[in-house]
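First the structure, in the form of structure tokens, and then the observations on it.
Order of the sequence lines sets the chain letters (A, B, ...), proteins ahead of strands, with each chain counted from 1. As a basis for the values below, the full set of heavy atoms in this structure was taken, side chains included, without hydrogen atoms, waters or symmetry mates.
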2 protein chains.
Amino acid sequence: MGKVYTIHDIAIRLDISKSTVSRALRNHPDVSKETKELVFEMAKKLNYQKNILASNLASKNTNLIGVVIPEIARQHFFAQALSGIQKVAKEKGYIVMVCQSNEELQEEINQVNALVNSRVAGILISLSKETDSYEHLQFAIDRNIPVVLFDRGADEMELSQVTVDDYKGAYDVTKHLIHQGYTNPAHLCGPMSLSISQKRYNGFIDALKDAGLSASNAHVYQCDNLSLDAKDATERLLSLKKRPDAVFCMSDYIAIQVLKVLKDKGIRVPEDIALAGFAGDPITDLMDPTITTVEQPAFEIGVQACRRVIMEAESEDRETLGVINKVLPTKVIERDSTLRV
Amino acid sequence: MGKVYTIHDIAIRLDISKSTVSRALRNHPDVSKETKELVFEMAKKLNYQKNILASNLASKNTNLIGVVIPEIARQHFFAQALSGIQKVAKEKGYIVMVCQSNEELQEEINQVNALVNSRVAGILISLSKETDSYEHLQFAIDRNIPVVLFDRGADEMELSQVTVDDYKGAYDVTKHLIHQGYTNPAHLCGPMSLSISQKRYNGFIDALKDAGLSASNAHVYQCDNLSLDAKDATERLLSLKKRPDAVFCMSDYIAIQVLKVLKDKGIRVPEDIALAGFAGDPITDLMDPTITTVEQPAFEIGVQACRRVIMEAESEDRETLGVINKVLPTKVIERDSTLRV
DNA sequence: CTGAAAGCGCTAACAG
DNA sequence: CTGTTAGCGCTTTCAG
């Protein structure tokens, strides 16, 4: 176990002061080129590594970005968004800490607290489906830690948000279904506590209305993402007297599960029932049939959210910086599961 | 922006010393019950949050566990393992930082360095497929930071490892294929830089040999996980004069892609070609046909790896603690893609 | 059981 | 351009 060197060690060896070493290491302008070179050389020789804890404690700011997402797995979207976040963070010299809330409010609160206690420079969060109070976010704000919501936003707080046009995505895909000649589309929506579920639901309903179809007759069942509800919901749809001729699911994962149930029952997609998902998960293109979905610029959401939180973190005057509410476009990817032959 | 209180603030208000406050907050035995109560009360009243940076700096140890994985997305396995890690970490009062190497050695090195600089208590890592040098791990070890490898191990370093019995999993699934009557199985292996690829390959080959089949005639093509190679590899298999009657893929994701290609070409699974994957990703059960796979105790791997790294981190005498090499069992899940009718 | 004092390793004025 | 002097907020001897 080798010794861990500090700026003190390198100062001693070079017979200069710690401050000069500290400055040199940070490439501060008022250090001569020569001393800088000497310092870097010695640092390298000793394999010096700055103690970030001490550095952050003294400078009162950190290079950490905390990210809280509902779940790391299963959702291609978050993985992609995370990549975007990490790309920007890396460019700007931040390192990111990822935490999962597991879709639980209490866990989300714990994670945010932990991040605040670790004195992160900023927090990026995609709310859990249980989140209906925002004190934990306020807590961070009160400590001057900027919070930016991504994907799953909330209008209850005055916070910057980077989301996707869920409403339009749902509207467009529903319109696509109608254009394809489906007259009785159903919707499997997500938990209404999530604003994205609401927006997708509204998009669905409005598209029906605008096409002159009766929205009140449309069947909508709620299923939580990732649960087995999709199976039950599908069976309920199938047992209706007037069986829907298309199903728009609020997520790709639900769509995949629905497809499974339909195929097991010998129901053909899209001949008997058309199927569309939401999120643009690449897996939808590997299914049989390929599934129509609504693509989201996941990576870009991560990029923009991260840029924003860093800007807020580095801003001297947060007040006049204000908050932004960025809504990125979605795009319907038409695939076999909805295309009439 | 509310004031951020410190132990000093609460000491002043209670007219006691900082040290007592510090001790009380940590529930140190030599503080009277009464003072503790007063301190806790005041802490709560002020909404005091310990500054972890300062705490860690002073005590020279942290409550952070760093985790480096090749990629967060696409692989159900890592997500599950991560959950196991987080469960244990939480129980023991640690918080985990997740980093991605993106399967790149350089990025892995960067991440490990960042973790070391953040003075994490321990590092859990699943090696990237490019990793062929281990100085970055040695670097952590030299700084007295324990490193535990999970899933993707390496025998080049004397480190604790928690892996899965890849050899046996591959052996068993190949045996299963042979039992089902397939006489000419092919294998799509992963990058041979990964020990798991090698082990799965060896398991495949040995199962053939033990069944009296010619291993030298077996077709093996390498495809990197997640790349589009799976398509090419499948086409090469199909264009062989003696077309294989079964394909064992080193990962579920590859299997899914192969299935797609086969179906697009009108080749029936399992009638024309049987198909098996590896990892136990739940998506395999949603495919049509359902795909045979080798289940790994992903969550358990995370749990055990995390327990171990914490044990090593907290050990006074790392030397005599030594290293462990835990190999967890795998289990073949037989599904339609390999079952003869 | 409690307090005083001395740091952890680094940054940040303030002089020169 | 460089050194000196104070801390950041907490933990930790060492006395009492």
Side-chain angles (χ1 to χ4, degrees), chain A residues 2-40 42-43 46-64 93 116-121 143-145 316, chain B residues 3-40 42-43 46-64 93 116-121 143-145:
Chain A
K3 173 164 173 28
V4 176
Y5 294 96
T6 70
I7 51 172
H8 178 75
D9 295 302
I10 108 151
I12 293 275
R13 269 152 241 249
L14 257 33
D15 197 30
I16 56 180
S17 76
K18 287 196 309 177
S19 350
T20 303
V21 175
S22 170
R23 282 189 280 249
L25 255 13
R26 279 173 295 146
N27 229 314
H28 192 103
D30 27 273
V31 175
S32 75
K33 200 151 165 283
E34 297 79 52
T35 19
K36 270 186 191 168
E37 274 167 14
L38 284 173
V39 169
F40 279 122
M42 184 57 74
L46 298 184
N47 203 349
Y48 166 82
Q49 300 288 130
K50 166 195 297 197
N51 184 324
I52 299 196
L53 296 179
S55 169
N56 290 342
L57 178 60
S59 67
K60 287 173 154 299
N61 58 46
T62 72
N63 64 145
L64 280 177
V116 169
N117 293 348
S118 299
R119 301 299 191 268
V120 293
R143 289 183 146 56
N144 206 28
I145 297 174
E316 306 285 290
Chain B
K3 172 161 173 32
V4 176
Y5 295 95
T6 70
I7 50 171
H8 178 76
D9 296 301
I10 108 155
I12 294 276
R13 270 152 240 250
L14 257 32
D15 197 30
I16 57 180
S17 75
K18 287 195 309 177
S19 347
T20 302
V21 174
S22 171
R23 281 189 279 250
L25 254 14
R26 278 173 297 147
N27 229 313
H28 191 104
D30 9 292
V31 176
S32 74
K33 202 151 165 284
E34 297 78 54
T35 18
K36 269 185 194 169
E37 275 166 14
L38 284 172
V39 169
F40 279 122
M42 183 57 75
L46 298 183
N47 203 348
Y48 166 82
Q49 299 288 130
K50 162 192 306 195
N51 183 325
I52 298 196
L53 296 178
S55 169
N56 290 342
L57 178 60
S59 64
K60 287 174 157 297
N61 57 46
T62 71
N63 64 143
L64 279 177
V116 169
N117 293 349
S118 300
R119 301 299 192 268
V120 293
R143 288 182 147 56
N144 207 29
I145 297 174

Checklist entry - Counting N and O atoms only, with roles assigned by atom type, does the side chain of A:Thr62 sit under 3.5 Å from a partner on the main chain of A:Arg119, one being a donor and the other an acceptor? => result yes

Next on the checklist: Expressed as a whole number of angstroms, how long is the span from B:Arg143:CZ to C:dG9:C1'?
Outcome noted: 13 Å

Checklist entry - Can you check the A:Lys60 NZ to D:dC10 P distance for me, whole Å? => result 10 Å

Checklist outcome for this item: Winner on side-chain proximity to A:Thr20, out of D:dT2, C:dT11, D:dT11, is D:dT2

Checklist entry - Among C:dC10, D:dG9, D:dT11, which nucleotide sits nearest the side chain of A:Tyr48? => result C:dC10

Checklist entry - For C:dC1, does OP1 or OP2 lie under 4.0 Å from any side-chain N or O of B:Lys36? => result no

Checklist entry - Does A:Ser22 offer a backbone N or O that forms a donor-acceptor pair with the side chain of A:Lys50 under 3.5 Å? => result no

Next on the checklist: Taking any heavy-atom pair under 4.0 Å as a contact, classify B:Ser55: base, sugar-phosphate, or nothing.
Outcome noted: sugar-phosphate

Checklist entry - When all nucleic acid strands are considered with a 4.0 Å heavy-atom cut-off, which category describes A:Arg26: base, sugar-phosphate, or nothing? => result sugar-phosphate

Item to check | Spatial distance of atom NE2 (B:His8) from atom CZ (B:Arg13) [nearest 0.5 Å] | outcome: 9.0 Å

Item to check | Rounded distance (Å) that lies between atom C1' of C:dC10 and atom CG of B:Asn56 | outcome: 15 Å

Next on the checklist: Considering every strand and a 4.0 Å limit on heavy-atom distances, what is the contact class for A:Ser59: base, sugar-phosphate, or nothing?
Outcome noted: sugar-phosphate

Checklist outcome for this item: When A:Val31 and A:Lys18 are each assigned the nearest nucleotide of DNA chain D, the 5'-most assignment goes to A:Val31

Item to check | Selection from D:dG3, C:dG3, D:dC10 that lies nearest to any side-chain heavy atom of B:Ile16 | outcome: C:dG3

Checklist entry - B:Ile10 has an atom CD1; how far is it from atom P of C:dT2, in whole Å? => result 13 Å

Checklist entry - Base, sugar-phosphate, or nothing for A:Ser22, non-hydrogen atoms under 4.0 angstrom? => result base

Item to check | Interatomic distance where CZ belongs to B:Arg23 and C1' belongs to D:dC14 [whole Å] | outcome: 11 Å

Checklist entry - Hey, what do you get for CG (A:Leu57) to CG (A:Asn51), rounding to the nearest 0.5 Å? => result 9.5 Å

Item to check | Closest listed nucleotide, where the reference is the side chain of B:Ser32 and the choices are D:dG3, C:dT2, D:dT11 | outcome: C:dT2

Next on the checklist: Please report the distance, rounded to the nearest Å, between CG in A:Asp15 and P in D:dC1.
Outcome noted: 20 Å

Checklist entry - Out of D:dT11, D:dT4, D:dG9, which nucleotide sits closest to the side chain of A:Ser19? => result D:dT4

Next on the checklist: With nearest nucleotide decided by heavy atoms, which residue, B:Asp30 or A:Tyr5, maps closer to the 5′ end of DNA chain C?
Outcome noted: B:Asp30

Checklist entry - Whole-Å distance between D:dT4 C1' and A:His8 NE2? => result 15 Å

Item to check | A:Val39 side chain reached by A:Ile16 side chain, heavy atoms, under 4.5 Å | outcome: yes

Checklist entry - Under the 3.5 angstrom rule, does the side chain of A:Ser59 hit a backbone N or O of A:Ser55 as a donor-acceptor pair? => result yes

Checklist entry - Side chain of B:Arg119, base of C:dG9: donor and acceptor closer than 3.5 Å? => result no

Next on the checklist: Expressed as a whole number of angstroms, how long is the span from A:Asn117:CG to D:dG9:P?
Outcome noted: 14 Å

